[in-house]
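Some notes on the structure that comes next.
For clarity, every value in this text was computed on a predicted model and none was experimentally measured. In what follows, chains carry the letters A, B, and so on, assigned in the order in which the sequence lines appear, proteins first and then strands, with residues in each chain numbered from 1.
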Amino acid sequence: MISWFSHKKHPDFWKQYLKKFKKKLPKKIETTKFVVFDTETTGLDISKDRILSIGAVTVLNNTIDIAESFEIYVNQEEFTSKSVEIHGILKEGNLQKITEAEAIEKFIHFIGNSVLIAHHAAFDVEIINAALKRLNLPKLKNKYLDTGILYKKLEGKKDNHFNLDVLCNEFNIPKHDRHTAAGDAFITAQLFFKIIAKLKTERTVYYSDLFRVSDKKGLI
Amino acid sequence: MKNTIAERILDFLKDFPPFDVLEKEQLFKIAENVKVIHLEKDNFIFKQNEKPHLNFYVVKEGAIGLYRTMDNDQILVDICDEGDLFGLRPLIQNDQYLMSAKANEESLLYAISVEILKEIIKTNDKINKFLIASFATNIKTPYANKDRQLFDYEEISDSNLSDIQTADYSKNPITCTKNTSIKEAAQIMSTKRVGSILIVENKNPIGIITDKDLRLKIATGLISIEAKVTEIMSSPVITFPINITTAEAQIAMLKHKVTHLCITKNGTPNSKLIGVLSEHDIVVLHGNNPSVLVKELKRSKNINTLKYIRNKTSNLLKSYIEQHIPITFISKIISEINDVITSKAIEFSIEEMKSEPPVKFSWLALGSQGRKEQLLITDQDNAIVFEDVPEENYKTTKDYFIKLAKKITEKLNFVGYEYCPAEMMASNPKWCLSLNEWKNQFNTWITKPTEDAVMLCTIFFDYSVIYGDKNLVHKMSESIFKSIESYEIFLNFLGRNALRNPPPLGFFRQFLVENNGEHKDQFDIKSRALMPLVDAARLIALSHNLKDNNNTITRFEEIANAEPQNKDLYLNCADSFKILLHFRTKQGIENNSSGRYVNLNKLSKSEKLKLKGCFKPIKDIQDLLNIRYNLAQMM
């Protein structure tokens, strides 16, 4: 495994990952494979903090297939007891843990060329990118969506920061397993469904709407 | 590996049947393979007649409406909400969906793989029983709604296994072509001794004629006997493939309101006819065979046997109710058994008397037994009518019959029919009368309709002969109708009585419960729901001179024919009555009571809706009586 670092060539899993992007992606919400994910970390500093857990579910055609879900816990030397109160992951807990390199490889394999979704996605994507960088790998190539931003567009709000708890209350999503990566990913997936459903009651929602960035009529 | 989400799903499922009987590992296997489906309002999960999916569904959030399409109308059959399971039967039986499922609001479903469930069924007997029970009871017609009792799998006996066995149909059905005349077809049916004949074209079934068609369409003179069979045949026929199960067959017969199903090579009407499956074939398949019980009864030598069979009948009733056998069928069977038990008790009693009865007599069942609606064991209500005798013999004759009646009522009491607290029994000298006395008694009630008299009429009008001379009773009936004819205002009094039953629902559509007494806060299904229908049917049947049938359902069917303009209302009343009677019987079985008082807190939402659905026809028919008998003026 260490050999990746000395070689300029990327490891096989990364090559396979890149290959998946050569295929054209479908342009419909129903046929697009989304991966909704969340990370639990030692803190919020992208450069210093580390990933403790990644949870993810796949969404295809309004369906979450539990058999296609992802939940791993990572061994980290960097550890702050501050964040333990939030995510409850102890340094020497009973959970089966793997190395960061293994975790990233598994995650990259799992997401493939899907469209990523996370709540406040920028942070989760960047913390994964930071881990990739430690492995001398480039950044994630996936398109991604942020449920926080989708919600803001839906409600026409600009500045506020909507955390997951607030949105769970608003959309009546049970807050089970909050602050576990898998639990939050599952909640975020339900949030995604409900935001899209609410948008659909107001207008026709096209796939491209999800990614429209600069246009103010768009969603992102 | 930890699977937080699967654990969360397990935690939800474990509280709902049938998942509550699974081992933890079994349920975990299910949970980690669940698909969570989000549905927007008005989206379909599946449509009627669609091929089964690989998954069945449990509602996690929201509400799913089950709809049947009938003649272009979408009829809402049931609403599934949190924890309800649907869409399983077609998967197990590899049959198409009988209903469409649509999200009535935004919903979240758990889709569960049937393959995993099938694996579990092999090792978990409890879930196996649950499934059998749910298929047997899951008969959905707009009026007879699904009920939640199907989850009571503990109660299901092994005999119900027959429900998912393949039904045994009659091979080599009797057929004719479409050019056959009705007369020829009837001749074939009578030589072959069958109750139905199929009309085939190129070996494919195109129609069916049953005894009932001959009775309704030919015997009534509507259609000439020389006409072609195509004139009267029911067409198209309902077809199924060879592997139809008993439960499916029952469902299909109820659904299509037919008594015969055609079995064809590929299950469609466009393939070769292979056999025919009748309602009778299905009844025979059920272990607790009523005809066996009746035979056993007829051979019985003492009252202990009667008691034993009466107890067995309760089991039979229970299994019928659980399987949602049509209530008209159930009441026929149970009344038949009640009647045979009573006849036997009479025979035994006569043997005990020192002499034969001095003159001809009849034993009458009154009230619910007289109407053949007595399903649960209730009180005895009976009377004797004996032939007129010369004055000097009257006392000895009457003494003989009272003594006989005492023996009979004692025996019936021993068997399990309790004494009537109001002494409305043949052992009471008031209700053991000669023909002439009865004629006078009825005439007095009719011409002097005091409240008491009208009340007694409602009980005594619903008599039926259980034993003895029918001619005697026929004379009595004729006299009663003559009295009514000459004193028609009596019907107005009867009408007023019919409207005195307390209403079932209050102004806000809430159930009205008893205010005080032993049954405080319970709903009196007998006086608030069943009696209004019984009274209305009796009154209207009397006004049309229909005297041959006392059964409320039959009465409604007959008056529906007599008054085509009110046909829908009367048939709705009959349907309501069936559901209410079924409901009361089920309550009675569950609580080991008369089933009269219903504890509303124990009912599910759908049961309450089902009950409320029955009240609309009650209100409608009471409005009709109010107008017809000018009751507002009398009151």
(Q) Looking at chain A, which one of E32(B), H38(B), K35(B), E7(B) has the largest number of heavy-atom pairs inside 4.5 Å, strictly under? (A) H38(B)
**Q.** Contacting region of K60(B) [heavy-atom separation from chain A under 4.5 Å]
**A.** side chain
Q. Do T201(A) and K41(B) come close enough that some side-chain heavy atom pair is under 4.5 Å?
A. no
Q. Given side chains that start at C-beta, do those of F186(A) and V36(B) come closer than 4.5 Å, heavy atoms only?
A. yes
Q: With a 4.5 angstrom heavy-atom cut-off, could you sort out which part of E68(A) is near chain B: side chain, backbone, both or neither?
A: neither
Q. Just wondering, more than 12 heavy atoms not from K14(B) lying within 6.0 Å of its NZ?
A. yes
Q: Go through P174(A), A67(A), G55(A) and name the one with the most non-hydrogen pairs under 4.5 angstrom from chain B.
A: A67(A)
Q. Non-hydrogen atoms of chain B under 4.5 Å away: do they reach the side chain of N172(A), the backbone, both or neither?
A. backbone
**Q.** Region of I9(B) that comes under 4.5 Å of a non-hydrogen atom in chain A
**A.** side chain
Q | CD1-CZ distance between I187(A) and R8(B), expressed to the nearest 0.5 angstrom | A | 9.0 Å
Q. Can you tell which of T180(A), T63(A), V57(A) has the highest number of heavy-atom pairs within less than 4.5 Å of chain B?
A. T63(A)
Q | Region of F70(A) that comes under 4.5 Å of a non-hydrogen atom in chain B | A | neither
Q. Does NZ belonging to K27(A) count more than 12 external heavy atoms closer than 6.0 Å?
A. yes
Q) Does any N or O in the side chain of E106(B) come within less than 3.5 Å of the main-chain N or O of A197(A), such that one atom is a donor and the other an acceptor? A) no
(Q) Counting C-beta onward and ignoring hydrogens, is there a side-chain heavy-atom pair between Q190(A) and E61(B) closer than 4.5 Å? (A) yes
Q. How close do I5(B) and A182(A) get, heavy atom to heavy atom, and via which atoms?
A. CD1-O, 3.6 Å
Q. So with a 6.0 Å cut-off around NZ of K106(A), is the heavy-atom count from everything else above 12?
A. no
Q | Under 4.5 Å from a heavy atom of chain B, the part of K200(A) involved | A | side chain
Q. A31(B) versus chain A, heavy atoms under 4.5 Å apart: side chain, backbone, both or neither?
A. backbone
**Q.** Heavy-atom contact with chain B under 4.5 Å, split by part of V59(A)
**A.** neither
Q: State which residue, out of D65(A), I64(A), I66(A), fulfils the side-chain contact (heavy atoms from CB on, under 4.5 Å) condition with V34(B).
A: I66(A)
Q. Which distance, rounded to the nearest 0.5 Å, do you find between the CD of E40(B) and the CG of N62(A)?
A. 6.0 Å
Q | Heavy-atom contact with chain A under 4.5 Å, split by part of L108(B) | A | side chain
Q: Taking all non-hydrogen atoms of both residues into account, name the closest pair between E71(A) and K2(B) and its distance.
A: OE1-O, 3.1 Å
**Q.** Exceeds 12 heavy-atom contacts within 6.0 angstrom, atom CD of Q96(A)
**A.** no
